[in-house]
Structures are given as C-alpha cells and as structure tokens.
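FYI, side chains are in, hydrogens and waters are out, and symmetry mates aren't considered; it's all heavy atoms of this structure. Owing to the predicted nature of the structure, the values given are computational and were not obtained by experimental measurement. Letters go in sequence order (proteins before strands), and every chain restarts at 1.
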Protein chains: 2
Amino acid sequence: MYRIGELSALCNINKDTLRFYEKSGLLQASARSSAGYRLYSEQDKDILCFILRAKGVGFTLAETQELLSIEIDKESKACSDVKQLVDDKLTEIEAKIAELKCFQKSLKTLSNACCGGHESAVHCTILEALEQGSNDVRYEHSVRQGDQ
Amino acid sequence: MYRIGELSALCNINKDTLRFYEKSGLLQASARSSAGYRLYSEQDKDILCFILRAKGVGFTLAETQELLSIEIDKESKACSDVKQLVDDKLTEIEAKIAELKCFQKSLKTLSNACCGGHESAVHCTILEALEQGSNDVRYEHSVRQGDQ
DNA sequence: ATAAACCTTGGAGTTAGGTCTAAGGTCAAG
DNA sequence: CTTGACCTTAGACCTAACTCCAAGGTTTAT
C-alpha cells in the first residue's frame with residue numbers, strides 16, 4: 001500500500017490533485033490507516049495510471065470518469081460504447097484544430113503584410129486591418145448571445 | 001451617441017460584456033447622460049470593433065489591451081512592436097495545434113484498433129491501451145508540478 | 001399616472017482543473 | 001521529548017471571459 005506522498009511521487013502528480021480526484025469521484029483510496037491516512041493499493045495505482053493516460057489523450061475528467069465506469073463494468077458494456085466516446089472526442093478535437101487553424105491563417109496574413117520595421121506604427125498594416133476589418137481578417141467567432 | 005443597448009445590438013454583443021470591458025479597462029464610454037447612462041461615440045464603436053476583431057483572430061483581452069495601447073499611441077510605437085505580438089500569438093497557437101494533433105493521432109490509433117461492435121467490452125483494445133499504456137498512446141502532458 | 005422598456009451599481013456565480021492555506025494530528029529518529 | 005517530515009480536513013483562491021442577479025432610478029408611450 002502506498003501513502004499519498006508515495007503514490008504522488010511515483011506518478012509525478014501533486015498530492016492535492018490526488019485528493020481532488022477523490023473528491024471528484026474518480027479515485028478513492030481503497031483503505032485508510034488507523035490514523036486516517038489514505039492507503040492506495042496496486043489496483044488504485046493502475047486506475048490512476050488509466051486516468052492519467054486518458055488525460056494524456058485529451059479527455060476531460062468527466063469523460064475519464066465515463067471511461068472508468070465502463071472499465072469497471074466491462075462485461076455489461078459494449079465496444080461501441082467505448083469507441084463512441086473516442087470518436088466524439090476526436091470530432092471535438094478536430095473542431096478545435098480547425099478553429100485554431102483559422103486563427104493561424106488570419107495571423108499569418110497579418111504578419112506577412114507587416115514590415116515589422118522600427119519606424120512608427122502610424123501606417124502599420126496590422127493595426128489598419130484591425131481598425132477596418134479586411135476580407136482577410138474576419139471575426140467569425142462573435143455570435144450574439146442571450147441577454148438578461 | 002449610442003446608449004449601451006444600442007451599441008450592444010449594433011455589434012452583436014451582450015450589454016454586460018460591454019460593462020465588463022469597461023471594468024477591465026478596454027473600453028470606456030466617452031460620456032454619460034445626466035442620468036448616468038453610458039453614451040458611446042462613433043470612435044468608441046470603432047474601438048469596440050477593433051477589440052472584437054482582435055478577439056476574432058485569437059487574442060485574449062489582455063493581449064487586445066496591449067494592441068489597443070499601441071493603436072492609441074501609434075506615433076511612439078514601432079511596427080516591430082505590433083508584429084511581435086502577432087508573431088508571439090502565432091507561435092502560441094501553433095503549439096496548441098501541435099498538442100491537439102498529438103491528441104488526435106492517439107485517438108485515431110485507438111479508434112482504428114477498436115472493432116466498435118456490440119459485444120462485451122471485456123477485450124476492448126481501447127480499454128486495454130488505457131490500462132497498460134502502449135507505445136501508441138503516450139501521455140506526454142503529465143509533468144510533475146510543485147508541491148506544498 | 002402608470003406600465004414597459006431602458007438604464008445604474010455592486011457583487012456573486014459559472015467552468016475546469018487544480019493549487020494553496022490554516023490548524024492540527026501522527027510517526028520515526030536522535 | 002522534541003524536531004521534522006508526513007498526514008488530515010474544510011474551505012478559499014486561481015484564470016478567463018463573461019453572465020446573472022437584486023434593488024433601484026429614468027424615459028417613453030399610452
């Protein structure tokens with residue numbers, strides 16, 4: 001059994017994060033010492049590694065918890081359940097990549113148009129683009145939201 | 001002069017956001033009515049559009065404020081100052097894209113390896129990868145952090 | 001004159017994923 | 001028997017960019 005400091009050192013993670021995962025329902029220590037210290041088993045360590053790997057491929061803690069609940073009750077779950085989570089995440093990540101690429105394109109256009117010299121910025125093409133809004137620099141992400 | 005509701009409708013933005021921008025030091029209404037209502041000039045509207053465009057290419061509000069302080073004092077600033085901000089942002093966004101692509105690659109590997117069938121998940125390759133950590137699914141983003 | 005639609009303020013709440021603090025209990029070494 | 005390293009808890013704080021709320025003042029139309 002590992003105490004919290006040992007497990008956190010072993011897995012390169014903050015002790016507080018481990019307590020936070022417990023509070024979030026992701027990982028309970030499987031025992032407590034007589035003094036109330038958390039005691040983690042090998043299996044607890046394996047679950048922590050699972051959590052960290054899920055995090056490492058981009059899953060949020062809530063999604064990781066879903067994965068974990070499948071992992072713990074494999075028999076009654078289907079492969080398609082697991083694959084669905086992965087594919088949904090993939091779709092989400094691809095959307096984020098597309099958004100960032102849109103930013104990247106606009107920023108490249110701005111950067112390439114600017115001389116970058118040490119003269120005054122009075123006629124800077126970047127500032128002009130932001131003042132007037134050219135075709136190259138749209139702002140597609142500002143969508144009207146609800147009001148009180 | 002526009003009242004807050006008029007400007008917010010004109011620019012497709014929440015009134016509270018406008019108040020929030022004021023509190024954040026990004027945009028002050030250039031006058032107040034006798035009753036204390038915010039009154040925005042054409043120039044204020046232009047500044048708001050500048051802010052929204054900067055936001056639209058991925059700048060945070062803090063970065064937008066930097067851009068704005070250059071915009072307002074162009075004469076004493078250089079093109080290189082502006083371009084530096086854009087290029088820094090570009091670097092940051094490219095790093096984020098790289099991170100997401102790494103997630104994407106791992107998730108694709110997981111998805112492709114899984115049958116996705118309706119049989120039990122007991123032998124699901126995705127769950128196995130997360131349990132054991134294959135070479136294909138590394139978790140590079142967990143870095144040991146400081147502790148109390 | 002009164003209702004609806006507008007505006008004001010200060011301050012709290014939201015999300016995600018931690019991180020930190022204070023006040024105190026436990027354990028091993030010297 | 002005390003020092004230092006370890007552990008406990010509840011709860012506050014952090015970032016970013018809003019969003020919402022309550023309580024109240026103003027303006028405009030009927």
Side-chain angles (χ1 to χ4, degrees), chain A residues 1-29 31-40 48 51-52 54-66 89 92-93 96 99 103 139 141-148, chain B residues 1-29 31-40 48 51-52 54-66 68 89 92-93 96 99 139 141-148:
Chain A
M1 301 294 257
Y2 307 99
R3 281 188 309 182
I4 197 166
E6 291 165 340
L7 186 60
S8 74
L10 206 60
C11 294
N12 269 354
I13 194 176
N14 192 312
K15 283 181 284 189
D16 279 324
T17 303
L18 237 24
R19 295 192 190 100
F20 173 72
Y21 285 172
E22 181 172 297
K23 204 165 59 184
S24 309
L26 272 114
L27 176 61
Q28 315 295 324
R32 291 283 180 136
S33 77
S34 55
Y37 290 13
R38 285 170 183 82
L39 296 172
Y40 294 94
L48 177 58
I51 292 167
L52 295 176
K55 210 183 114 175
V57 298
F59 285 107
T60 64
L61 296 188
E63 290 156 352
T64 299
Q65 199 161 13
E66 271 195 88
K89 193 72 201 177
E92 184 192 322
I93 281 178
K96 272 191 202 156
E99 188 190 15
F103 288 163
Y139 53 109
H141 301 285
S142 63
V143 177
R144 177 111 168 90
Q145 266 123 0
D147 209 343
Q148 350 173 180
Chain B
M1 301 294 258
Y2 308 99
R3 282 189 309 184
I4 197 166
E6 290 165 340
L7 186 60
S8 73
L10 206 59
C11 295
N12 269 354
I13 194 177
N14 192 311
K15 282 181 285 189
D16 279 324
T17 303
L18 237 24
R19 296 192 190 99
F20 172 72
Y21 286 172
E22 181 174 296
K23 206 165 54 184
S24 310
L26 271 114
L27 176 62
Q28 314 295 324
R32 291 281 181 135
S33 76
S34 56
Y37 289 14
R38 286 169 183 83
L39 296 171
Y40 295 94
L48 177 59
I51 292 168
L52 295 177
K55 210 182 113 175
V57 297
F59 285 108
T60 65
L61 295 188
E63 290 157 352
T64 298
Q65 198 160 15
E66 271 195 87
L68 218 41
K89 194 72 202 176
E92 185 192 320
I93 282 177
K96 272 191 202 157
E99 188 189 14
Y139 53 109
H141 301 286
S142 63
V143 177
R144 178 113 167 89
Q145 265 123 359
D147 209 344
Q148 350 173 186

*Measure from CD on Glu22(B) to C1' on dG11(C) and round the result to the nearest Å.*
16 Å
*Starting at atom CD of Glu6(B), determine the distance to atom C1' of dA5(C), rounded to an integer number of angstrom.*
13 Å
*Roughly how many Å is it from CG in Leu7(A) to C1' in dC6(D), rounded to a whole number?*
15 Å
Heteroatom pairs (N/O) under 3.5 angstrom, protein to nucleotides 3-5 of chain D:
none

*asked:* Counting only side-chain heavy atoms from C-beta out, which of dT8(C), dT27(D), dG17(C) sits nearest to Ala35(B)?
replied: dT27(D)
*Please state how far atom NZ in Lys23(B) lies from atom C1' in dG11(C), giving the value in whole angstrom units.*
8 Å
*Before giving the answer on side chain to side chain contact (heavy atoms under 4.5 Å, CB included), spell out for Leu48(B) and Ile13(B) the whole-Å C-alpha distance, their side-chain angles and the decisive distance to 0.1 Å.*
CA-CA 10 Å; Leu48(B) 177 59; Ile13(B) 194 177; 4.2 Å; yes
*Grab the CG-P distance between Asp16(A) and dC13(D) for me, whole Å please.*
16 Å
*What integer distance in Å separates Asn14(B):CG from dA17(D):C1'?*
12 Å
*asked:* Looking at Arg32(B), I'd like to know whether one of its side-chain N or O atoms comes within less than 4.0 Å of OP1 or OP2 on dT9(C).
replied: yes
*Using a cut-off of strictly less than 4.0 Å, decide whether Lys55(A) has a side-chain nitrogen or oxygen near OP1 or OP2 of dA16(C).*
no
*Counting any heavy atom closer than 4.0 Å, what does Thr60(B) reach on the DNA or RNA strands: base, sugar-phosphate only, or nothing?*
sugar-phosphate
*Atom CE of Met1(B) to atom P of dC7(C): distance rounded to whole Å?*
14 Å
*Ignoring backbone atoms, test whether Arg38(B) places a side-chain nitrogen or oxygen under 4.0 Å from the OP1 or OP2 oxygen of dC7(C).*
no
*asked:* Over all strands shown, is Ser24(B) touching base, sugar-phosphate only, or nothing at heavy-atom distances under 4.0 angstrom?
replied: nothing
*Measure from CG on Leu18(A) to C1' on dT19(C) and round the result to the nearest Å.*
14 Å
*Nearest listed nucleotide, side chain of Arg19(A), among dT9(D), dG18(C), dT19(D)*: dT9(D)
*Under the side chain to side chain contact (heavy atoms under 4.5 Å, CB included) criterion, do Ile4(B) and Tyr37(B) qualify, and how do the steps go?*
CA-CA 8 Å; Ile4(B) 197 166; Tyr37(B) 289 14; over 6 Å; no
*With respect to the side chain of Arg3(A), which nucleotide from dC6(C), dC6(D), dA17(D) is positioned closest?*
dC6(D)
*asked:* Tell me every residue that passes side chain to side chain contact (heavy atoms under 4.5 Å, CB included) with Glu63(A), counting only those two or more places apart in sequence or in another chain.
replied: Phe59(A), Thr60(A), Lys89(A), Glu92(A)
_Qualifying residue for side chain to side chain contact (heavy atoms under 4.5 Å, CB included) with Arg38(A), from Arg3(A), Gln28(A), Met1(A), Glu22(A)_ = Glu22(A)
